[in-house]
There are 2 protein chains.
Amino acid sequence: MATIHDVAARAGVSPATVSRFLRGQRVRSAEAIQAAVDEMDYWPSATAQSLQSGRTHTIGVVVPDITNPYFAAVVKGMESVTRHTDYRIQLANTDESSEREDAVLAEMIRRVDGIILAPATEQDQTPMYVRDAGVPLVFVDRDLLGGEHFDAVLVNNTKGGRQAGEHLLSLGHTRIAAISGSQDTTPGRCRREGFVQALTAAGVEIPPEHDLVGDFREESGYQLALSLLSLPEPPTAIFSANNLMTLGALKALHDLRTDIPGEISLIGFDDLDTGPLLRPPLTVVDRPMVEQGALAMRLLLRRFEDQYANDDARRIILDTKLIERASTAPPRKPRTAAGAGRTGRGRQR
Amino acid sequence: MATIHDVAARAGVSPATVSRFLRGQRVRSAEAIQAAVDEMDYWPSATAQSLQSGRTHTIGVVVPDITNPYFAAVVKGMESVTRHTDYRIQLANTDESSEREDAVLAEMIRRVDGIILAPATEQDQTPMYVRDAGVPLVFVDRDLLGGEHFDAVLVNNTKGGRQAGEHLLSLGHTRIAAISGSQDTTPGRCRREGFVQALTAAGVEIPPEHDLVGDFREESGYQLALSLLSLPEPPTAIFSANNLMTLGALKALHDLRTDIPGEISLIGFDDLDTGPLLRPPLTVVDRPMVEQGALAMRLLLRRFEDQYANDDARRIILDTKLIERASTAPPRKPRTAAGAGRTGRGRQR
DNA sequence: CTGAAAGCGCTTACAG
DNA sequence: CTGAAAGCGCTTACAG
């Protein structure tokens, strides 16, 4: 590959002049240099430029699982903004593992200008380490305990959980179960809290055997739904706290030939491309996905502009939205559980 | 950030010695150096190492759409192998655009050690340019006309298309339609060819108005299915050539309240995570996904080993597999179309 | 085993 | 406007 020296020699100037020309400065021998560049098919070495400038022009993106449609959409959103800049994305998957995340982050620090991260747990310490290294960091989807000093694009998970709970209550359910995500994760914890809040506010209790915690993966949704259905008194409604667990739960219900929503109502968190096409079409709490990724990337790129570099952390909290489809309905035989009474809001379909 | 000079100064040795120690060579002042490294939290600059070695240790991955579950799975497969190496992945989305692909590739050439690409069209010239630049290139999912000199991990698309056609024929269908993918793409062309081959071999003709070509996106599947259903004599069965278009077709059929498979059978290409949960569960031609990505990455990494660097191109062609679910069935009122006769293989459900 | 020196391919004050 | 020189942070023959 040709270097700037080769081009300079050919054009009869010094490397410095070629460099200046390439960066848009006025030079006398512009045509000669351009010709040399063309003939030799010269492209500056990004590595040499990086060493010189201290900038890599790459953004590290660390997500738990790229095959989760939510994260795929988020990454697409990020890509849609970098595509108009001269930044590129370096992608890493952590499989929800903190160790893996530590390893990834440690080596990214020296290779990227900034990082967008969906941390594996709220307790992660590595992000502090990243900040100390002077690498701008933005959280997406998930937060850190005490992470207020970092930029973040999140969703109002508590409200989302509440929406799910209130929806089931409004249909008249009182025997309600939750399949929550990892509790050391912002969305896992908050969605459950919001959900329980809604029930509590309505005087509906959620017994421990209905209050299950999974790990955001399909398999755990499957297993927990199975265990729920094998209870002596199974719930009449289930809230599942992410797309993958909802799919797992749906599979379990199908395997058991459960009638949805006849025997049991199911509400999920995060819509799916196939949501309306499923058996039955899924009622879900939806939220922006591609937009979340785009916003996170914009937040990060701002940090590279001197005027914003030292701004206070920006925390963007987006709203969730209930999408009612056919997987939820009033319970078939409304029971008057002791103390629960008529908790519904009177809305019927 | 500490540099190797800082560490050397602190340990009382020369930078060269620190460098040797770091690379595992025996040195006298090992402990002193290790201590300095720890205290200063020193990590070598990847950029400086790259400039020196000429290797970036990053792999460029270029796909048309990361939110297509097939490509998400492929990327995950790649990640599962790089994770055990010291290579990382730089990801780019092309949105099926050749121009975008050209741009991405052009700048990747100077930044990565190798590239895995699912080319936007079979006519792409850029890959030749990549090869001329001395950057190893592996195709995944899609091939290039005259691309035999490149490593590739593909699938037997022709056979897959044939399987789809034979399945519909075996059910007794004779009024059959195809929604194909871009015809300047390997999978788009081959799947259609295989499909048509199967019909032709059985003496079944596919009229032009049933032989539709889309662009692998959901919207085109939707529109084309719509147009198929509005025909005076709509088909009794549709083959849709990828996951997204199948979803689109399914949506169209739902919107028209079409009974599947009663009025119309639908068979897709590429399974979905939600495949069994859809209304109705989808019959599809399936193929390995994660494995395809992993294999492509292994092929590429081999090129970095001297012993294999100059081997002939390795072309891995994987097999497809029919998964029969509930979206296909015999046509409701088998017509004896002139010349078609009983083309079924006699199998009935 | 170790250090001084050169070099990887750029960019940018510093003089002119 | 332009060139020589120094420097970005490493690594590696070359002597010793």
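Below, chain A is the first sequence line, B the second, and so on; all start at residue 1.
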Query raised in the report: Has the side chain of B:Thr186 got a donor or acceptor atom that lies under 3.5 Å from a matching backbone atom of B:Asp143?
Result: yes
Query raised in the report: What stem regions, each of at least 3 consecutive Watson-Crick or G-U pairs below 3.5 Å, can be found for DNA chain C?
Result: C:1-3 with D:14-16, C:5-12 with D:5-12, C:14-16 with D:1-3
Query - A:Phe150: partners by ring-ring contact (aromatic ring centres under 6.0 Å, His included), with sequence neighbours left out - result: A:Phe139
Query - Close residues, residues 10-21 of chain A, relative to DNA chain D [heavy-atom separation under 4.0 Å] - result: A:Val13, A:Ser14, A:Ala16, A:Thr17, A:Arg20
Query - Leading and trailing nucleotides of DNA chain D with any atom under 4.0 Å from heavy atoms of chain A - result: D:dC1 to D:dG9
Query raised in the report: Which whole number of Å gives the distance between the C1' atom of C:dT12 and that of C:dG16?
Result: 16 Å
Report task. Could you please spell out the steps behind the side chain to side chain donor-acceptor pair (under 3.5 Å) verdict for A:Asp65 and A:Thr67? Result -> CA-CA 5 Å; A:Asp65 180 8; A:Thr67 60; 2.7 Å; yes
Query - Partner residues of B:Phe304 under the ring-ring contact (aromatic ring centres under 6.0 Å, His included) criterion, sequence neighbours left out - result: B:Tyr87
Requested in this report: Mind checking side-chain contact (heavy atoms from CB on, under 4.5 Å) for A:Arg287 and listing every partner two or more places apart, or none if nothing turns up?
Outcome: A:Tyr70, A:Asp141, A:Val155, A:Arg191, A:Phe269, A:Asp270, A:Gln292, A:Thr320
**Report entry** Pairwise side-chain contact, B:Val74 with B:Val63, heavy-atom cut-off 4.5 Å (strictly under)
**Finding:** no
Requested in this report: Look at atom CG of B:Asp38 and say whether more than 12 heavy atoms of other residues, nucleotides or ligands are closer to it than 6.0 Å.
Outcome: yes
Requested in this report: Verify the distance criterion only: is there a donor paired with an acceptor across the side chains of B:Thr126 and B:Asp124 at less than 3.5 Å?
Outcome: no
Report task. Using the closest heavy atom to pick a nucleotide of DNA chain C for each, name whichever of B:Ser29 or B:Gln52 lands nearer the 5' end. Result -> B:Ser29
Query - Sidechain-backbone polar pair: B:Thr56 side chain, B:Arg111 backbone, donor-acceptor under 3.5 Å - result: yes
